[in-house]
Amino acid sequence: MLRLHDTATGQVEPLRQRDAGRVSMYVCGPTVYDVPHLGHGRFSLVFDVLRRYLLFGGLDVDYVSNITDIDDKIIARAAAEGRPPDQVAAEFEAVWWQVMRSLGVLAPTHAPRATQWVAPMVDLVGELLATGKAYVTAGGVYLSVGSVDGYGLLARQSLDSLRSGARVDVGEEKRSPLDFALWKRAKPGEPAWDAPFGAGRPGWHTECVAMSLGLLGDGFDLHGGGADLAFPHHENERAQAVALGRRFAGHWAHNGWVVVEGEKMSKSLGNFTSLTDLLQRSDPRAYRLLVLRSHYRSPIEVTPPTVADAEKGLARLDALARRFALARLDAPGAAPEAVTAEGALAAGADASSVEAFTSRMDDDLDASGALAGVFDLVTRANVAADGGRSDEARRLAVTVVQLCGALGLALRGGGPDEAGGPGTPDGPTAALVAERDAARAARDFARADAIREQLAGAGWVVEDGPGGTTIRR
RNA sequence: GGCGGCGUGGCCGAGUGGUUCAGGCAGGGGCCUGCAAAGCCCCCUACCCGGGUUCGAUUCCCGGCGCCGCCUCCA
């Protein structure tokens with residue numbers, strides 16, 4: 001049974017299910033006003049790993065992750081570029097899904113767009129007004145947080161203490177600095193939807209309430225996102241649900257930062273902040289491995305050296321898959337379909353290793369520890385193979401591939417038909433390989449080395465094994 | 001000002017009141033190999049500082065120092 005840190009209590013607690021055998025989770029998705037950055041990648045990977053691990057345990061998972069496609073930033077960018085906001089949103093949403101695919105993130109069960117949920121949001125704001133806990137101003141509708149019991153839970157601070165630190169914007173019509181917009185009245189030229197309290201657009205915090213409750217129902221199991229969403233975003237979502245007397249998320253999970261050279265990543269810090277850049281420069285699986293290597297709540301350093309380190313770790317895993325000609329879990333995309341414990345065992349994985357993996361992961365998703373166990377299996381598999389114990393070796397190697405698959409890591413066994421694999425050498429290249437084998441058989445090592453140079457020049461890594469020369473990219 | 005987190009061996013990064021241990025990467029030495037690559041073995045080996053609790057603390061408590069984050073849009 002998975003135990004997971006809950007931001008609301010500050011404790012690691014069992015992740016309870018409202019409906020037996022089924023987990024309902026909501027993860028705050030991106031505002032699509034720009035290309036995704038490393039932080040988007042991290043939360044997507046973290047919650048993908050969580051989801052996969054729940055699936056691994058045989059649970060069904062309803063996974064909802066939204067697209068915020070109407071927002072001040074989108075409007076600002078559209079205005080700056082002289083095009084409609086929905087065009088900006090559509091462009092960056094497309095980039096988003098493409099990046100998610102390349103990271104091997106399983107597609108959400110539902111991926112609602114804010115603009116398609118405006119009607120429920122208008123209803124929700126109307127209900128809040130009816131309770132008297134929300135109020136209308138010239139600029140829109142605000143929620144009075146002082147009327148909400150327990151406001152500050154996720155910040156783990158009292159309302160008073162939050163108030164004392166709050167910065168007050170001049171010119172706002174809020175009754176309290178912490179009150180937040182449920183609805184923003186449209187200024188001329190801005191996109192607007194009709195509402196009884198004035199045409200405008202929803203405030204950011206409102207959409208997640210409407211969509212999570214609408215798609216997953218009251219008292220859904222888990223709400224997640226990056227640590228900076230805990231306050232105020234998630235707190236403000238919770239406040240709305242509480243104000244309406246509805247049961248909201250049963251458990252809150254937040255992942256840690258991406259840092260660059262010791263500081264929170266920011267767009268001003270140049271290199272590697274864009275996820276698309278990272279994925280162009282390195283194996284997308286390396287970022288997943290990097291994320292898996294540290295605890296999900298810890299900050300991670302993502303820099304060229306740490307990425308390179310992860311790529312080398314990946315190479316060790318791939319080499320094992322190659323040695324045993326395993327790893328077909330990557331079809332059809334960059335990541336495997338969900339792997340279940342049952343499926344892993346049926347595929348021949350070692351039961352005690354699966355158990356060890358499970359107990360690590362059950363402990364607040366200790367992926368780093370689980371991964372250490374996997375690397376241990378790599379060594380054991382190689383040792384067994386070197387020692388001629390091929391059945392044992394194969395069982396351990398299968399375990400590695402299956403457990404990596406459970407974490408969403410597709411290993412590459414070097415098969416020519418493998419998605420994302422090296423591809424089949426063309427005729428002339430294959431002829432060179434054959435010629436090199438002949439030269440080695442004839443002990444013409446000068447010729448063999450020359451051919452290796454030539455192949456290396458074309459980007460092939462040459463490996464001589466008992467069965468002859470193999471090459472790979 | 002309020003609240004929270006972190007400080008581990010060359011680097012990254014887990015974990016724990018006590019004999020041996022994370023794990024990866026890098027480095028050194030060996031084995032294997034025609035040479036490489038891959039693989040295996042061995043070595044390098046830590047817990048910010050000062051008190052306290054304890055038979056014993058890197059692990060618990062207190063204090064200090066340093067770093068980081070949230071309190072404002074932010075993954």
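Chain naming here is simple, since letters A, B, ... match the order of the sequence lines and numbering starts at 1 in each. Predicted model only: the values in this text are computed from it and were never measured. Scope of the values below: all heavy atoms of this structure, side chains included, with no hydrogens, waters or symmetry mates.
Across the C1' atoms, B:G39 and B:C12 are found 23 Å apart, a figure rounded to whole Å. Here the separation of B:U19 from B:G56, taken at their P atoms, is 15 Å to the nearest Å. Rounded to the nearest Å, the gap between the C1' atom of B:U20 and that of B:U45 is 14 Å. Comparing the P positions of B:G15 and B:G9 gives an interatomic distance of 16 Å, to the nearest angstrom. Distance noted for atom P between B:C35 and B:C31: 11 Å (whole Å). Comparing the same atom, P, in B:U59 and in B:G27 gives a spacing of 33 Å after rounding to whole Å. Annotation: B:C65 and B:C49 have their P atoms spaced 16 Å apart (nearest Å).
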Show me the protein contacts with nucleotides 2-4 of chain B, counting only N or O atoms at under 3.5 Å.
unit_1: B:G2; atom_1: O2'; unit_2: A:S161; atom_2: OG; d: 2.9
unit_1: B:G2; atom_1: N2; unit_2: A:Q157; atom_2: NE2; d: 2.7

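Nearer the 5' end of RNA chain B, as judged by each residue's closest nucleotide, is the contact made by A:R293, out of A:C28 and A:R293.
Checked against A:H223 for a ring-ring contact (aromatic ring centres under 6.0 Å, His included), the options A:F47, A:Y63, A:F248 give a single hit: A:F248.
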Could you go step by step and tell me if A:L407 and A:R52 meet the side chain to side chain contact (heavy atoms under 4.5 Å, CB included) rule? CA-CA 7 Å; A:L407 296 170; A:R52 285 175 184 274; over 6 Å; no

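Look at A:S65 and you won't find any side-chain N or O under 4.0 angstrom from OP1 or OP2 of B:A75. Between A:R316 and B:C40 there is a side-chain polar atom (N or O) within less than 4.0 angstrom of OP1 or OP2. Under 4.0 angstrom from either OP1 or OP2 of B:A75 there lies no side-chain N or O belonging to A:N255. Put simply, A:T379 has no side-chain N or O that comes within less than 4.0 Å of OP1 or OP2 on B:G39.
Within 4.0 Å (heavy atoms only), A:S158 reaches no atom of the nucleic acid at all. Note on A:D386: only backbone sugar-phosphate atoms sit closer than 4.0 angstrom, heavy atoms only; bases stay farther off. A:L178 comes within 4.0 angstrom of sugar-phosphate atoms only, judged by non-hydrogen atoms across all strands, and of no base. Using a 4.0 Å heavy-atom criterion, one finds that A:G10 contacts no nucleic acid atom at all. Across all strands shown, A:H295 has heavy atoms under 4.0 Å from sugar-phosphate atoms exclusively, and none from any base.
Closest heavy-atom contact between A:R323 and A:N382: NH1-OD1, 2.7 Å.
No hydrogens or angles were tested; on distance alone, a donor-acceptor pair under 3.5 Å links the side chain of A:S368 to the base of B:A22.
The listed nucleotides are B:G24, B:C40, B:A75; the one nearest the side chain of A:N382 is B:C40.
The distance from atom CZ of A:R360 to atom C1' of B:U16 is 11 Å, rounded to the nearest whole Å. Spacing between atom CG of A:D160 and atom C1' of B:G1 amounts to 14 Å, rounded to whole angstrom units. The distance from atom NE2 of A:H234 to atom P of B:A75 is 11 Å, rounded to the nearest whole Å.
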Could you encode protein contacts along nucleotides 29-36 of chain B as a string, one character per nucleotide from 5' to 3', using B for base contact, S for sugar-phosphate-only contact and - for no contact, with a heavy-atom cut-off of under 4.0 Å? -----BBB

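Here A:R412 pairs with A:D283 in a salt bridge; the nearest charged N to carboxylate O distance falls below 4.0 Å. At a threshold of 4.0 Å, the pair A:D309-A:R293 counts as salt-bridged, since one of the basic side-chain nitrogens sits closer than that to a carboxylate oxygen.
Looking only at atom types and distance, the side chain of A:S368 has no donor-acceptor partner in the side chain of A:D366 under 3.5 Å away.
B:U19: no Watson-Crick or G-U partner with both key distances under 3.5 Å is found in any strand. Across every strand in view, B:C25 sits in a pair with B:G10 that passes the Watson-Crick or G-U test at under 3.5 angstrom.
At least one donor-acceptor pair under 3.5 Å links the side chain of A:T306 to the backbone N or O of A:E301.
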